[in-house]
Amino acid sequence: GQQVMQIPQYQHVQEGEDFTTYCNSSTTLSNIQWYKQRPGGHPVFLIQLVKSGEVKKQKRLTFQFGEAKKNSSLHITATQTTDVGTYFCAGPTRVDSSYKLIFGSGTRLLVRP
Amino acid sequence: DSGVTQTPKHLITATGQRVTLRCSPRSGDLSVYWYQQSLDQGLQFLIQYYNGEERAKGNILERFSAQQFPDLHSELNLSSLELGDSALYFCASSIGLAGSTDTQYFGPGTRLTVL
């Protein structure tokens, strides 16, 4: 079945350094969604990318969707301690009469102040 | 605050027991999803309901069942509990009309500990 892989598993950075997590799907995706889960919290929707090659920015966060719609990345510029958490990508796959989201394993970001 | 509520927040029980987790979706959302999150398995989709009907099934064990009621709240029933069922259980909701582009909003989760 469809798989969504994410690397790295962990990233420990000094505050102010940049951070990137990469997401790869075994199949072409209609869209990709990114979620952030703070320690002890629940996943929170960040953004959805739909078009091939799409790039979206949210302040210091830059999201990209690959040309083949099989990979995506999230880049954070000048990390802050508030960026701490696990970042998940998720891609939809058809199941029964609906869709389910396949989540990547997540990248846990730790930021040293 | 996502607008999705889940109760209880924590649940501690013994092997062999049965528990019920409850979820109320955001106002206006018709779809409810259940996920299990454990350390070694990540976020695993269990089941989806849309307007009271089961729509999609994931890796849900036969010991687990769910339903969505006319007021759209949902319950996840876990029976014959095993140690390995200890995990965080999240409910998420979405409008349910956008298909693959539906955005899901997660509740705070129920932490289940089976002793």
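Chain letters run A, B, ... following the sequence lines, proteins first, then strands; residues in each count from 1.
Between chain B and the residues A:Pro43, A:Pro92, A:Gly106, the most heavy-atom pairs under 4.5 angstrom are made by A:Pro43. Interface summary for chain A: among B:Ala92, B:Gly109, B:Gly107, the most heavy-atom pairs under 4.5 angstrom belong to B:Gly107.
Both B:Ile47 and B:Phe64 belong to a common hydrophobic cluster when Ile, Leu, Val, Met, Phe, Trp and Tyr are linked at side-chain heavy-atom distances under 4.5 angstrom. Each of A:Met5 and A:Leu74 belongs to its own hydrophobic cluster when Ile, Leu, Val, Met, Phe, Trp and Tyr are linked at side-chain heavy-atom distances under 4.5 angstrom. B:Phe45 and A:Phe45 fall within the same hydrophobic cluster, where Ile, Leu, Val, Met, Phe, Trp and Tyr residues are linked whenever their side-chain heavy atoms come under 4.5 Å apart, directly or through other members. Both B:Ile60 and B:Val114 sit in one connected hydrophobic cluster of ILVMFWY residues. Membership requires side-chain heavy atoms under 4.5 Å apart, directly or through other members.
In the hydrophobic clustering, A:Val44 connects to no other residue, as no ILVMFWY side-chain heavy atoms lie under 4.5 Å from its own.
For residues 83-96 of chain B, the salt bridge (charged side-chain N to carboxylate O under 4.0 Å, His left out) pairs, not counting sequence neighbours, are B:Arg63-B:Asp85.
Partners of B:Thr20 according to the side chain to side chain donor-acceptor pair (under 3.5 Å) rule, which considers only residues two or more places apart in sequence or in another chain, are B:Asn77.
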Enumerate the inter-chain donor-acceptor pairs under 3.5 Å for chain B and chain A, one line per pair.
unit_1   : atom_1 : unit_2  : atom_2 : d
B:Gln37  : OE1    : A:Gln37 : NE2    : 3.0
B:Gln37  : NE2    : A:Gln37 : OE1    : 2.9
B:Gln48  : OE1    : A:Ser98 : OG     : 2.6
B:Gln48  : NE2    : A:Ser98 : OG     : 3.4
B:Lys57  : N      : A:Asp96 : OD2    : 3.1
B:Ser100 : O      : A:Asn31 : ND2    : 2.9
B:Ser100 : OG     : A:Ser30 : OG     : 3.2
B:Thr101 : O      : A:Gln48 : NE2    : 2.9
B:Asp102 : O      : A:Gln33 : NE2    : 3.2
B:Gln104 : N      : A:Tyr35 : OH     : 3.4

